[in-house]
2 protein chains.
Amino acid sequence: MNEPAASLGSTIAATIRQWVVEGRLLPGQRLSEKQLAEQLEVSRNTLREAFRLLTQQGLLTHIPYAGVMVARPDLAAIIDIYRVRQLIECQAVADASPHHPAIARMAQAVEQARAAREEHAWLTVGSANIDFHRALVSLTDSPRIEAIYADLCAELRLAFGLVDDPARIHAPYIESNSAIVELLKQGENQQAATRLAAYLQQSERSLLAVYKG
Amino acid sequence: MNEPAASLGSTIAATIRQWVVEGRLLPGQRLSEKQLAEQLEVSRNTLREAFRLLTQQGLLTHIPYAGVMVARPDLAAIIDIYRVRQLIECQAVADASPHHPAIARMAQAVEQARAAREEHAWLTVGSANIDFHRALVSLTDSPRIEAIYADLCAELRLAFGLVDDPARIHAPYIESNSAIVELLKQGENQQAATRLAAYLQQSERSLLAVYKG
DNA sequence: TCGAATGTCATTGTTCAACAATAATCGGAT
DNA sequence: ATCCGATTATTGTTGAACAATGACATTCGA
């Protein structure tokens, strides 16, 4: 890996992000500056620097004089996230060229998901599904949109962290993804977008169902 | 002003952002930590905190051990910004309900622009145009998209800062905006989206033309 | 003279310690 | 038991210090 000059703050931020995504830090949990600074062996100032980055990315919530805590996506946040996904992903599919290189990456993600399903490696299935959607977004050829989507995914994983059965969430959509790839290859962008919209709606519903409990 | 708990860092960030948007700080200009800290009467640490916010928002560029400078949008950045605008705004218009309250705000912005044009207050015309598009984006009812768009606008104004004749940029589009409002009221969303796309394309072209020189 | 190696300097990165501001906690009075 | 006020712990902010890095000027050799 070629990292010319990653500041210590962003390194620490990456570590904390990893902890959050892994579920080592739970939503709503408060992060003490002094305690974390000692644990990570950095100064309070540097840790605060990392907090700012993650707060800006939506992974942490910062309340002045009350501290930072792992963001706890509420119903409104999930609805909002899916609204953005719908807007970005559907438009990306609608405007896609049938020969865009990203389509190959989408197909590859589908194959990877199929292989993982055979071995019941549900976590891998989940990762492949995320890869599929990231490739889909890169159809837009916009670094900015891809960056926005990356942040969105991090928050989404926060929400998925509460789901204990990844198979139910990710597995049923492999064939749907495959169909989208085929439609794109044939230039049937509108049908592909419709199919994608249906997937997103269903995914949102099953995620919201968890939050009702 | 009711600001219950705005940290000093974000206050300073707002000040610097204002300076950038006003053109008091020019793209590419280097910002010395010590100098700015003395000028703003805050500590270096607090100023760095503000830098982090603005860097994350794309207004400043940070190069390790070389300092922060006002971002200088290049051709690729402008193209990317307009790609995002196209994606967000067109979809917002396409999915809008004819009775959405934001449409009234759009109409109001058009009227404001017309009045300002009468008085040749071109700066006000420009602000009204920005208000129009912000209202348009709020058709999505997504706080997240509105936040993304706000950041985008700040960067866009950075690019507009190099244009010395705002009349040429903003004035011709007032009637186009008005037409979009009417089409939305009549539920002709697709036509409105087409019209909007044409506007964005033209706006992008005239902005790019400045950069060629 | 030109170019490269070297040393100096200014600036940024990071840490530390202290104090101020604020919120949470606890205890006492009614 | 409830409300009110003081205590306490935590965060916000500051200033100074030192290390790390990059830019610039100087010097030396060919």
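Only heavy atoms go into these numbers, but all of them, side chains included; no hydrogens, no water, no symmetry mates. These figures come from a predicted structure and were not determined experimentally. Each chain gets a letter, A, B and so on, in the order its sequence line appears, and its residues count up from 1.
Distance B:Asn45 CG to C:dA17 C1': 12 Å, rounded to the nearest Å. A straight line from CZ of B:Arg44 to P of D:dC18 spans 14 Å, rounded to a whole angstrom. Following rounding to the nearest Å, A:Leu36 (CG) and D:dT10 (P) show an atom-to-atom distance of 13 Å. Straight-line distance from the CZ atom of B:Arg52 to the C1' atom of D:dG12: 14 Å, rounded to whole Å. Between A:Lys34 atom NZ and D:dT11 atom C1' the separation is 11 Å, expressed in whole Å. The distance from atom CZ of A:Phe51 to atom P of D:dT11 is 8 Å, rounded to the nearest whole Å. The OH-C1' distance, from A:Tyr65 to D:dT8, rounds to 17 Å in whole Å. Counting to the nearest Å, the P atom of D:dT13 and the CG atom of B:Leu40 are 14 Å from each other.
At most 12 heavy atoms of other shown residues, nucleotides or ligands fall within 6.0 angstrom of atom CD in B:Glu41. Atom CD of B:Gln29 has more than 12 neighbouring heavy atoms from other residues, nucleotides or ligands inside a 6.0 Å radius.
Side-chain nitrogen and oxygen atoms of A:His62 include at least one within less than 4.0 Å of the OP1 or OP2 phosphate oxygen of D:dG12. In this structure, B:Ser32 does not reach the C:dT11 phosphate: none of its side-chain N or O atoms is under 4.0 Å from OP1 or OP2. Using a 4.0 Å cut-off, some side-chain N or O of A:Arg48 falls inside it from OP1 or OP2 of D:dG12.
Residue contacts shown for B:Leu47 are absent, as no nucleic acid heavy atom lies under 4.0 Å away.
Counting only heavy atoms from C-beta on, B:Pro64 has its side chain closest to C:dG13 among C:dG13, D:dT14, D:dG12. The side chain of A:Arg30 sits closest to D:dT11 out of C:dG13, D:dT11, C:dT15. For B:Leu8, the side-chain atoms get nearest to D:dT14 when compared with the rest of C:dT12, D:dT14, D:dT10.
Using modelled atom types, one finds no donor on one side chain facing an acceptor on the other under 3.5 Å when comparing B:Gln35 with B:Gln39.
Taking the ring centroids of B:Tyr173 and B:His133, they lie at or beyond the 6.0 Å cut-off.
Along DNA chain C, the nucleotide nearest B:Ala66 and the nucleotide nearest A:Val42 are compared for position; the residue whose nucleotide lies closer to the 5' end is B:Ala66.
Within the model, atoms CD1 of B:Ile16 and CG of B:Leu54 stand 6.0 Å from one another, a figure rounded to the nearest 0.5 Å.
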